[in-house]
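Heavy atoms only: backbone and side chains are in, while hydrogens, waters and symmetry mates are out.
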Amino acid sequence: MSSDPYSALVRDYFAHTAHAGDLEDAVVAEIAERGVHLRLAATVDNGTIQALRFRAWGCPHVIAACEYFCAEHEGRPVGALGELHASNIMRNLSVPVEKTGRILVLEDVVRLLERAIRDESAPH
Amino acid sequence: MSSDPYSALVRDYFAHTAHAGDLEDAVVAEIAERGVHLRLAATVDNGTIQALRFRAWGCPHVIAACEYFCAEHEGRPVGALGELHASNIMRNLSVPVEKTGRILVLEDVVRLLERAIRDESAPH
Amino acid sequence: MKDDLIYLDYAASTPVDPRVAELLLDCHRTRFANPSSNHAAGRKSRASIEHAAGQLSALLNVDPKTLIWTSGATESDNLAIAGGARYRAHRGKHLVTMPTEHKAVTDVFHMLEKQGFEVTWLNPADNGLLDPADFAAALRADTQLVSIMYVNNETGVMQDIPAIGAICRERDILFHVDAAQAVGKIPIDLQELPVDLLSLTGHKFYGPKGIGALYIADRPGCRVEPILFGGGQQRRIRPGTLPADLIAGLGLAAEIASSRIDADLDHLTDLRHALWAGIDEVDGVLVNGDLDAGFPGILSVSVDNVDGESLLLELEPICVATGSACNALSQEPSYVLRALGRSDLLAQSAIRFSFGRPTRREDVEFAARRYGEAVARLRSLAPEVTT
Amino acid sequence: MKDDLIYLDYAASTPVDPRVAELLLDCHRTRFANPSSNHAAGRKSRASIEHAAGQLSALLNVDPKTLIWTSGATESDNLAIAGGARYRAHRGKHLVTMPTEHKAVTDVFHMLEKQGFEVTWLNPADNGLLDPADFAAALRADTQLVSIMYVNNETGVMQDIPAIGAICRERDILFHVDAAQAVGKIPIDLQELPVDLLSLTGHKFYGPKGIGALYIADRPGCRVEPILFGGGQQRRIRPGTLPADLIAGLGLAAEIASSRIDADLDHLTDLRHALWAGIDEVDGVLVNGDLDAGFPGILSVSVDNVDGESLLLELEPICVATGSACNALSQEPSYVLRALGRSDLLAQSAIRFSFGRPTRREDVEFAARRYGEAVARLRSLAPEVTT
Ligand SMILES: Cc1ncc(COP(=O)(O)O)c(C=O)c1O
Ligand SMILES: Cc1ncc(COP(=O)(O)O)c(C=O)c1O
């Protein structure tokens, strides 16, 4: 057990949530389970993620992970969403193992978002 | 429980055993039991105790009680020996109750001494 | 503590009173001998312990011989409950307690249940209080021991110990009170109060950590079987070398408490008033427990639509507790608040503010302001509907 | 301690090292928060505990995760023996120990005997040593736990822990060692030593009182059932608020011990040599135990025709022990010395000298001289023949 359950990165992302909020005309994905409620919104142009915003109800690790995820993925191709795994987030932010379940909710909502983007851009 | 098992009087009598030793031509009484070995010697003149000496193997309370007894009874009538009770000694010297058995040995040897004195002085 | 931290977690542990700290330091030099040793140095340690027993017994109005030193309230609770239940087991195996007790109580009862005792768990009303009439109705002919705490560590709720104790006395039932949060903080007179066994711990009232005591009333049938075995110390009820320094410190803490208990209570009442006045303005805030029946050093509040752990972090540098201090690292919503009828969501949002002698009015005013800001920020991050 | 006292009772308890005392004082100001609290103040306390676990585990060469904090060796012994025996009870109920163990061990075995365990009590030779071959012969298919102490508290005799441990390992028997008198005083490397459970206490090696630890090896089948129940602290093996200050002090004491253990041993060896050289001249003196197989910080001697309690008083201002420090106030001759074949009379005359870091050569020389004088005076008071 480390004496501080929050790594410096978690503290920083939790304190500075530049990506909290909503987006107009965005693709949205939302999940509420395991004591976490997450909503992601993305605008996409030509296969590239233009903007990402989150809303989160949950513990500091979840909020920090959302901010981290949004900051990392703006400007990247939609395909990058598929590479996101809870385990990477946990490693990069030093999230304690007890929080695995909650970070998996983020992984799930990202999957949902990716699918929604592909559905939107598919020929109607 | 008092923090010091030895009262100031016990410490004093234990440290200054002026009456330890033997007497020539004395009446002697001796008992060894309950982890104590006591011998009293008395010289008597005309019903008065002239001198008293003790030898003791035992705990500090027993040694102090012997010294106290000898110091108190020199110069007194032989009859005073009959008035000696362990309970008085224990009260006067603040002997803890666990030591009752040992002080009773002193009472016993004093009784023995008194009887021996009376036997000696009885008309032959 | 770093100067910029604002410590409002006195129910978890208090700082050591500076006079107690000084005494401990002195003891380290002059009272280090084993108090069981029959030499001059040992006697000094023994004398310190006797002095401390006098100080603590004055606080509680008991005979010093009724006090057994332990390592803290956890051990005292274990000794009282397991030891008392076993001592009386030949008369009956029914026990009574509440689910809102501290784990050091509930876990002992769970263990006793596995060993063939039967436990009745009495639920409180939503304000945390046990109704003495409900209590009386739960007693049986074979009830031998009851354990009800004085001041609840999560909510500050104070049970009606005089009434519950009177019922126990009438029926000759052993009555244990976990008073870890009460001793040194509210007046306790054990000549008046019908209590048989009472647990306390030094670190909750400015005394040392790692030392506590169990009061065992000197009346027939009021005994405990030991739970630790060893040397003949403390009439074989609790073995182990007595830490003369910690005991001396606990004694001094008791003496200091005696001298200022009313002033302390006034101070705490003012603080709680100021804190609640600020927090009451936040939308959707609820008091856990009961302000009227509560010890004024504790204020526990829940709030809609906020995660407790995030609230705690957002409140830094204010140091407060979520749920019980003893399981702050676990993520489960407090079982005590659940027993008061709070939903999981409301229970997990609970923040316990607790204050003490060094707390200033501006500290709690700042805390109330930060609380409002933190709730607002976290709500601004959350999706609209969560409940 | 009063300056005119000469303290030679380090086996009963040691003074707190001045650096440890200073650290404790600092902790009272800066590390008072409950280490279970999930806020900045609590994290500081937690960090102190982690640091201390590192220091103690370095002394013993173990993983910090193998250490459980307790209130002292008495509790550690209880947890190891009762907890270990119960954990393994489904495999068998035969246990092995010696009558020369500390009461914190023997009394736990007596309690277990009443609960249906069978205990084999192995007697030592007259020098206090257990023959490993005798030991091996006492083991059975259903033997599950063995408890043999490292350094005997009354005589200083050191058992052959490597040999006994190797035999236990071979047969997968839990091996507990009460090392209260050994830790911090003799080198102990638990990567080398085949020991499963090891008890220690702070106040025997210049650490704080009221704090100890139990080492529980991290290997299959090596577990204990808890004996105290409460919060989730310490993986539910031992509940209660951890006293971060005392633990920090114990850690520092361990670090200091690591750095000087060989120098300390040399110092103690010199002192015992000087003391014995003086005492050896007294008529009828016998060493209790074995000088060669003995820890050099302890010298226990008996003498013909002298009462031990009177000898102790006559030796003032020298502070030494009769029999075990833990029952110095009782009048019974030491059961440990009786087990070494001493008569009641010789056992009750025993004086244990034990020395430590602050002891000077002139202290033990003075003690030897006073011992001779005291024996002479008491003999002069006694009737001629007593044996
Ligand atoms: C009500 C109550 N009981 C028992 C305890 C346990 O006390 P300790 O940690 O001193 O053993 C506490 C504090 O943690 C408490 O608040
Ligand atoms: C060998 C031994 N075991 C156990 C103990 C008990 O230690 P504590 O009093 O710290 O519980 C002691 C000291 O009294 C001891 O010498």
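Heavy-atom pairs under 4.5 Å with chain D were tallied for Pro15(C), Ser13(C), Cys27(C); the largest tally goes to Pro15(C). Of the residues considered (Asp107(C), Ile81(C), Thr74(C)), Asp107(C) shows the highest number of contacts with chain D, using heavy-atom pairs under 4.5 Å. The greatest number of non-hydrogen atom pairs below 4.5 Å with chain D, out of His39(C), His28(C), Glu316(C), His110(C), is found for His39(C). Of the listed residues (Pro208(C), Ala104(C), Gly210(C)), the one with the most heavy-atom contacts under 4.5 Å to chain D is Ala104(C). Between chain C and the options Ala244(D), Ser71(D), Pro317(D), Ala73(D), heavy-atom pairs under 4.5 Å are most frequent for Ser71(D). Note: Asn78(C) leads Leu25(C), Leu242(C), Asn78(C), Leu24(C) in heavy-atom pairs under 4.5 Å with chain D.
Ring centroids of Phe117(C) and Phe109(C) are separated by 6.0 Å or more, keeping the two rings apart.
Heavy atoms of Val320(D) lying under 4.5 Å from chain C belong exclusively to its backbone. At a 4.5 Å heavy-atom cutoff, the contact between His203(D) and chain C is made by side-chain atoms alone. Only the backbone of Thr14(D) comes within contact range of chain C, with heavy atoms under 4.5 Å apart.
The nearest pair of heavy atoms linking Glu314(C) to Ala374(C) is CG-CB, 3.4 Å. Minimum heavy-atom separation, Leu315(C) to Ile351(C): CD1-CD1, 4.1 Å.
The side chain to side chain donor-acceptor pair (under 3.5 Å) check on Asn152(C) picks up Thr155(C), with sequence neighbours excluded. Contacts of Phe229(C) classified as ring-ring contact (aromatic ring centres under 6.0 Å, His included), with partners at least two apart in sequence or in another chain: none.
Remark: the backbone N or O of Asn153(D) is paired with a side-chain donor or acceptor of Arg352(D) at under 3.5 angstrom.
Ring geometry, Tyr10(C) versus Tyr206(C): the interplanar angle falls from 30° to 60°, so the pair is classed tilted.
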